[in-house]
Structure formats: structure tokens, C-alpha cells
Amino acid sequence: MKLVHKDITPQGPGTAKLVPEEADDMWHVYNLVSKGDKVVANTVRKVQRESSSGDRDVERVKLKLEIEVQAIDYDNVAAILRIRGKNISENEHVKIGAFHTIEIETQRPFQLKKDVWDSVALDTLKQACDPGASADLAVILMQEGLAHIFLVGRSVTTTKARIEASIPRKRGPAIAGYEKALNKFFENVLQAVLRHSDFTVVRCMVIASPGFTKDQFYSYMLLEAERRELRSIIENKSRIVLAHASSGYKYASQAFPAFVF
């Protein structure tokens, strides 16, 4: 979630302008918006127009409304949040007090106004805009040429990186090219791990793959950590666990019954 602007008094009123950047952000918005809040966003309203001949046509008009929230519906399949409430802003197409439903989806900014930003709302806002601040599990799902890095928090899993590389076949004279490409792929994964995994927050890191890719990467990571004196890896290697996965794609996380994705 991108925080564009905020003007908030803790335990008092305030406004936050937010942009959901991925589907997981909708869960945070659902937990952040409460009945009685005000939401400002661009929306579409069906408006009846009467022509000079007396015919009536229905036209979809784009407009910006501010509504007082009455009900919230979260569609996790479509990754859309539908917020229904009373219009409280002057508008030529929508009367004050009329009900309207605003749809919040990814890449569409909106403003959230609360009369009281309590500690729960402030904590939810912090988690939404910085999921790594509370994510205590890091997961690396990989196979040769593909890796995903996830941070697993209390409520959502955030995809932090996707690393892809073309790895030549391991046979004949191409073996030298294979090893070079694999090491470059591992280096890119290691850089993503260092960038996205904060071991002051992360309590455990799981590296999973089919075959021996996880073992190869683990060995590469430890060797490079010793060579470069990467203290975050060296001091926390006891927190790193290896596991089997069917592939490096996110769906393979379903094989981990102990973790919530």
C-alpha cells in the first residue's frame, strides 16, 4: 500500500490518502475502514437524462464523491472493496444524503477520514504501508531460473520479489555456461534476500524448492556471507530452514500446512 499523504492526530481526527498497489492491500483496507468513517474517491454514477424529445437515457458519469461509510463488502476473488454510504459532498448528480457505493481497487487512490485514529487504526495503517515491519516469516520459493520471496505477516502474505533467469541445460560443453548462469541467478536471489529480509523482525526464513536447488542456494549464500562478512546471514543461519516444494511458483506454498499464505 502506498501512503501518498497523511495528516493525522493520534487519538484524534485525520486524513490519509492511500493507493492499494496489489490485491493483498485490499485486506488491509477492509480492516482499516469502519462504519462512520468518510471515504473520498473517484466513482461512477448512473444518471438519467431527458432529451428534447422526451426520451430518457441512462448515462454513466464519472465524479468524485465523499461518503459516510455505512457498510463494507470485501470481494477477495475480484480484489475489490465495495463501500456503501451516504453522500455528504455537494454534487450536481448526487443529492446530499443519497446512498452510493464506491469501489476501491488496486491502483485507484482514495482518501480515508476518521474522527478518531486510535492505536488499532494506526497499527493497521503502519502494517498496510510497511508490511515488512511486522512480517516475522520470510519464505523463498525457488527452482532453477525462478524464485519468489514472500514476507508473511499476521494477516497477509506480501510478494516482495520475483527473480527470473535463463539457465542453459546442464550437459556437454554447456556445463560452464550453466554454472555461470546459475551463480548469477543465486546472486540476484541473495541480493533480494538482503534487501527484503530484516532479521530484527523476521524470526524464521524458509528456503524451499524441488530437487537440490534449495541446498545449492543455501550453500552459495553461506559461502558468500562468510566471504563478504554478511553479518545478518552469518548470525542468523540457525533461523534458516530448508524444505521441499513442488515448484518456485506461489501456488506451491500450499504445500506448507504450518504457514498461512
Side-chain angles (χ1 to χ4, degrees), residues 1-3 18-33 74-81 105-106 119-143 146-164 185-186 188-211 213-215 217-218 220-222 225 230-261:
M1 183 97 73
K2 181 180 180 180
L3 177 62
L18 302 163
V19 182
E21 296 182 298
E22 52 189 49
D24 288 343
D25 288 338
M26 290 302 155
W27 176 248
H28 286 302
V29 179
Y30 177 70
N31 286 295
L32 195 57
V33 179
Y74 174 43
D75 184 343
N76 63 340
V77 176
I80 292 176
L81 201 69
E105 53 187 320
T106 55
S119 59
V120 175
L122 290 171
D123 184 54
T124 303
L125 180 64
K126 182 179 179 180
Q127 287 186 51
C129 299
D130 185 13
S134 62
D136 56 7
L137 174 65
V139 177
I140 306 168
L141 285 179
M142 61 192 317
Q143 62 189 50
L146 175 66
H148 285 86
I149 297 178
F150 307 104
L151 291 180
V152 183
R154 284 176 288 179
S155 56
V156 297
T157 293
T158 305
T159 304
K160 300 303 296 183
R162 176 188 172 101
I163 302 97
E164 290 186 272
F185 169 64
F186 285 163
N188 291 336
V189 176
L190 175 58
Q191 290 302 318
V193 169
L194 294 173
R195 188 162 54 250
H196 298 296
S197 298
D198 181 0
F199 277 101
T200 62
V201 179
V202 170
R203 292 187 296 173
C204 178
M205 175 183 289
V206 178
I207 305 174
S209 77
T213 306
K214 61 185 181 300
D215 306 273
F217 173 69
Y218 180 67
Y220 176 88
M221 181 171 64
L222 293 186
L230 303 175
R231 307 308 305 175
S232 62
I233 300 296
I234 296 169
E235 295 172 0
N236 294 284
K237 62 182 180 181
S238 63
R239 301 190 195 182
I240 302 172
V241 179
L242 303 183
H244 174 77
S246 59
S247 77
Y249 291 93
K250 186 174 181 178
Y251 71 81
S253 65
Q254 296 172 3
F256 298 103
F259 307 136
V260 178
F261 284 80

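It should be emphasised that the depicted structure is a prediction, and the values quoted were computed from it without experimental measurement.
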(message) Would I240 and N236 count as a side chain to side chain contact (heavy atoms under 4.5 Å, CB included) here? Give the steps.
(response) CA-CA 7 Å; I240 302 172; N236 294 284; 5.9 Å; no
(request) Evaluate side chain to side chain contact (heavy atoms under 4.5 Å, CB included) for L146 paired with R162, printing each intermediate quantity in order. (result) CA-CA 7 Å; L146 175 66; R162 176 188 172 101; 4.0 Å; yes
Looking at every heavy atom in both [X] and [Y], which two are closest together, and how far apart are they?
X: E105; Y: P20; value: O-CG, 3.9 Å
X: S247; Y: Q143; value: CB-OE1, 3.3 Å
X: Y74; Y: A23; value: OH-O, 4.4 Å
X: A245; Y: A208; value: CB-CB, 3.8 Å
X: E21; Y: T106; value: C-CG2, 4.3 Å
X: S232; Y: F199; value: O-CD1, 3.6 Å

(request) Dump the intermediate steps for side chain to side chain contact (heavy atoms under 4.5 Å, CB included) on Y30 and T124, then the final yes or no. (result) CA-CA 10 Å; Y30 177 70; T124 303; over 6 Å; no
(request) Evaluate side chain to side chain contact (heavy atoms under 4.5 Å, CB included) for M142 paired with I207, printing each intermediate quantity in order. (result) CA-CA 8 Å; M142 61 192 317; I207 305 174; 3.9 Å; yes
Find the distance between [atom1] ([X]) and [atom2] ([Y]) and round it off to the nearest 0.5 Å.
X: I163; Y: I149; atom1: CD1; atom2: CD1; result: 4.0 Å
X: M26; Y: D75; atom1: CE; atom2: CG; result: 10.5 Å
X: L3; Y: L18; atom1: CG; atom2: CG; result: 5.5 Å
X: I140; Y: K160; atom1: CD1; atom2: NZ; result: 14.0 Å
X: D123; Y: L32; atom1: CG; atom2: CG; result: 10.5 Å
X: L222; Y: L230; atom1: CG; atom2: CG; result: 10.5 Å

(request) Indicate yes or no for a side-chain donor-acceptor contact from H148 to the backbone of G248 under 3.5 Å, with no hydrogens or angles considered. (result) yes
(request) Could you pull out all residues at least two apart from E22 that satisfy side-chain contact (heavy atoms from CB on, under 4.5 Å)? (result) D24, D25, T158
(message) Any heavy-atom pair between the side chains of V120 and N31 that's under 4.5 Å?
(response)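 No, their side chains stay 4.5 Å or more apart.
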(request) Please check if atom CZ in R239 has more than 12 non-hydrogen atoms from other residues, nucleotides or ligands closer than 6.0 Å. (result) yes
